[in-house]
Protein chains: 2
Amino acid sequence: MTDLTQRQQQVLSFIRQRQVHGETPSRREIADHFGFASLNAVSSHLHLLEKKGAIKVVQGRARSLQVPSPLRSWQSVVCHIPLLGSIPAGRAELRESDMEGCVSVDVATIGYQPTKASFALRVAGQSMVGRHILDGDLVILEHGPEPKPGDVVAALIDGQCTLKTFIVKNGRPYLKAENPQYADLIPAEELVIQGVMRALIRRVNA
Amino acid sequence: MTDLTQRQQQVLSFIRQRQVHGETPSRREIADHFGFASLNAVSSHLHLLEKKGAIKVVQGRARSLQVPSPLRSWQSVVCHIPLLGSIPAGRAELRESDMEGCVSVDVATIGYQPTKASFALRVAGQSMVGRHILDGDLVILEHGPEPKPGDVVAALIDGQCTLKTFIVKNGRPYLKAENPQYADLIPAEELVIQGVMRALIRRVNA
DNA sequence: TGAAATACTGTATATTTGTACAGTATGACT
DNA sequence: AGTCATACTGTACAAATATACAGTATTTCA
């Protein structure tokens, strides 16, 4: 396959940019962007791009350019999970005011399909290093399901949302910190469990 | 704001589904999907959905329905990183044949803008537990940049791509495993460093 | 020098698409 | 009974859009 011309690359990356923002450009919009007076300038570029396999043109459909990529065939659905700063007492209603950001990950990577009851938290403190969860890590949790012994859960303790390990001792549930310095055991019945950990994302400073 | 009718929810989720696949449906396609004989059925639904704030209709533009969401304003650009099964010797050319999957994450979450030299690996073995990197974790790396002391790097050792810590001792670079059981020190000059770790994603089995 | 590919202008047209208007039917609520 | 919102059929039309054809200038390459 021939390589792309400079101009063709420009057109391609313009289409790509628009795709990211959720809109496939029409031929007229491409012409406007590059200052073309003629639509045929766009059309011929698109033809060449298709001939070289860089794009796929669906006949007769508006705004339906497709940019295939070797990655594309591996991609799974990307879902968006609210990153909460703090969880208010009571139910973990996902209020807009508590939202601090958004975590977007594909389903295959985190290994499960998030629901409306999914949310993310940023870990504060070293209390879970024993489970290899570090300060600053981003944890994705699921609100609702009953935790199993050994699960990492988020619980509301003194108004603060804290990560603990859920354990059962003598038939009674407890929460445990995974750090020798914070080796306290809290009866789980006194607490509201906000969610069960499902995934973790860590960024490493360059 | 009024709640959505059952039918309106159906229409909305159909639009959402198509959006995920990269295409916004036209009014005729929506009509076809639901078996409407009239376009006005679609139009009135869209009007009501817009009135209730569930969608945004851009006037006069084909396939330009937008589905706003409280999350939307927080979303950043999602990028797609190839998940490699094995890295062949020599340059880390991203060949299609080595691709095993695709990791999609947004830029804000992993904290940097990946390039074409970015790739992901699945961690095999316990050699990096000391750095809180576990067996099965997914690591995102950047090919190219010179590692700094203390960075986690992927290196090609005996044809296997392995994670190590990059350290400098007596002015000479070494690679070190972060596990007392594998406490060997390898001179870095003998090896090809494939990439520097930038982020980590861990999935927790439900 | 000549051929071929690229990069455009200019004009025209068929199709897709959005939009408007008129009307029917049904259920919920007052 | 009457009003209102919802959920459609049916028809028509204008704007947006894709597409085709004819032609020019420039570069590349043989």
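Just so we're clear, the structure is a prediction, and the values are computed from it rather than from any experiment. Convention: sequence-line order gives letters A, B, ...; per-chain numbering from 1.
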Taking 4.0 Å as the cut-off, does a side-chain nitrogen or oxygen of [X] come that near to OP1 or OP2 on [N]?
{"X": "B:Ser43", "N": "C:dA20", "result": "no"}
{"X": "B:His45", "N": "D:dC8", "result": "yes"}
{"X": "B:Ser38", "N": "D:dT11", "result": "no"}

[Y] side chain reached by [X] side chain, heavy atoms, under 4.5 Å:
{"X": "A:Leu65", "Y": "A:Val57", "value": "yes"}
{"X": "B:Arg203", "Y": "A:Arg198", "value": "no"}
{"X": "B:Asp106", "Y": "A:Cys102", "value": "no"}
{"X": "B:Met197", "Y": "B:Ile133", "value": "yes"}
{"X": "B:Pro149", "Y": "B:Ile167", "value": "no"}

Please give, in whole Å, the distance from [N] [atom2] to [X] [atom1]?
{"X": "B:His47", "N": "C:dC21", "atom1": "NE2", "atom2": "P", "answer": "10 Å"}
{"X": "B:Glu50", "N": "C:dG18", "atom1": "CD", "atom2": "P", "answer": "13 Å"}
{"X": "A:Asp3", "N": "C:dT6", "atom1": "CG", "atom2": "C1'", "answer": "15 Å"}
{"X": "A:Gln8", "N": "C:dA5", "atom1": "CD", "atom2": "C1'", "answer": "10 Å"}
{"X": "B:Glu23", "N": "C:dT16", "atom1": "CD", "atom2": "C1'", "answer": "14 Å"}
{"X": "A:Leu4", "N": "C:dA5", "atom1": "CG", "atom2": "P", "answer": "17 Å"}
{"X": "B:Leu48", "N": "D:dA5", "atom1": "CG", "atom2": "C1'", "answer": "8 Å"}
{"X": "B:Leu46", "N": "D:dC8", "atom1": "CG", "atom2": "P", "answer": "12 Å"}

**Report entry** For A:Ser69, all residues meeting side-chain hydrogen bond (donor to acceptor under 3.5 Å, both in side chains), sequence neighbours excluded
**Finding:**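 For A:Ser69 there are no side-chain hydrogen bond (donor to acceptor under 3.5 Å, both in side chains) partners, ignoring immediate neighbours.
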
Which nucleotide in the set [options] lies at the smallest distance from any side-chain heavy atom of [X]?
{"X": "B:Leu39", "options": "C:dT19, C:dC8, D:dG10", "result": "C:dT19"}
{"X": "A:Arg7", "options": "C:dA7, D:dA12, D:dT9", "result": "C:dA7"}
{"X": "A:Lys52", "options": "C:dT6, D:dC8, D:dT19", "result": "C:dT6"}
{"X": "B:Phe36", "options": "D:dA12, C:dA7, D:dT9", "result": "D:dT9"}

**Report entry** ring-ring contact (aromatic ring centres under 6.0 Å, His included) involving A:His132 - partner list, sequence neighbours excluded
**Finding:**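 Partners of A:His132 by the ring-ring contact (aromatic ring centres under 6.0 Å, His included) criterion, ordered by chain and then number, come out as B:His132.
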
Report task. Sequence neighbours left out, what passes ring-ring contact (aromatic ring centres under 6.0 Å, His included) with A:His47? Give chain and number order. Result ->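 With neighbours one apart ignored, the set is empty.
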
Give a yes or no on whether a salt bridge exists between [X] and [Y], defined as a side-chain N under 4.0 angstrom from a carboxylate O.
{"X": "A:Lys164", "Y": "A:Glu178", "value": "no"}
{"X": "A:Arg61", "Y": "B:Glu29", "value": "yes"}
{"X": "A:Glu23", "Y": "B:Arg63", "value": "no"}

Query raised in the report: For the helix from C:dT1-D:dA30 to C:dT30-D:dA1, what angle lies between the axis at the first five pairs and the axis at the last five pairs, to 10 degrees?
Result: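 One end's axis against the other's: 30°.
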
**Report entry** Contact residues, residues 61-68 of chain B to DNA chain C [heavy atom, < 4.0 Å]
**Finding:**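 Of all residues in residues 61-68 of chain B, the ones placing a heavy atom under 4.0 Å from DNA chain C are B:Arg61, B:Ala62, B:Arg63.
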
Requested in this report: Run the ring-centre check on B:Phe34 versus B:Phe14 and record whether the distance is less than 6.0 Å.
Outcome: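 Ring-ring flag for B:Phe34/B:Phe14: true, centres closer than 6.0 Å.
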
Query raised in the report: Which pairs count as salt bridge (charged side-chain N to carboxylate O under 4.0 Å, His left out) when at least one residue sits in residues 144-154 of chain A, sequence neighbours excluded?
Result: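 Listed once each, the pairs would be none.
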
Report task. Show your reasoning for whether side chain to side chain contact (heavy atoms under 4.5 Å, CB included) applies to B:Ile201 and B:Val105. Result -> CA-CA 10 Å; B:Ile201 300 178; B:Val105 203; 3.8 Å; yes

Query - Passing option when A:Leu4 is tested against A:Leu48, A:Val11, A:Leu12 for side-chain contact (heavy atoms from CB on, under 4.5 Å) - result: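 Result for side-chain contact (heavy atoms from CB on, under 4.5 Å) with A:Leu4: A:Leu12.
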
Report summary line: Each nucleotide of nucleotides 22-30 of chain C classed B (base within 4.0 Å of a protein heavy atom), S (only sugar-phosphate) or -, in 5' to 3' order, makes B--------

Query raised in the report: What residues form a side-chain contact (heavy atoms from CB on, under 4.5 Å) with B:Val77, not counting sequence neighbours?
Result: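 With sequence neighbours excluded, B:Val77 shows a side-chain contact (heavy atoms from CB on, under 4.5 Å) to A:Val20, B:Val107, given in chain and number order.
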
Query - Which residues share a side-chain contact (heavy atoms from CB on, under 4.5 Å) with A:Val42, sequence neighbours left out - result: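 Listed in chain order: A:Arg27, A:Ile30, A:Ala31, A:Phe36, A:Leu46.
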
Query raised in the report: Can A:Thr24 and A:Gln19 be counted as having a side-chain donor-acceptor contact under 3.5 angstrom?
Result: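 A donor-acceptor contact under 3.5 Å links the two side chains.
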
Query raised in the report: Of B:His143, B:Glu142, B:His80, which is the lone residue that meets side chain to side chain donor-acceptor pair (under 3.5 Å) with B:Ser118?
Result: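 Result: among B:His143, B:Glu142, B:His80, B:Glu142 is the only option passing the side chain to side chain donor-acceptor pair (under 3.5 Å) with B:Ser118.
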
Query raised in the report: Does anything in residues 9-19 of chain B reach DNA chain D, meaning a heavy atom under 4.0 Å, and if so which residues?
Result: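 Within residues 9-19 of chain B, no residue comes under 4.0 Å of DNA chain D.
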
Query - Strand-adjacent residues in residues 24-35 of chain A, judged by heavy atoms under 4.0 Å from DNA chain D - result: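 The stretch gives A:Ser26, A:Arg27, A:Arg28 as the residues lying under 4.0 Å from the strand, ordered by number.
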
Under 3.5 Å between N/O atoms: give me all the protein pairs with nucleotides 24-30 of chain D, atom names plus distance.
none

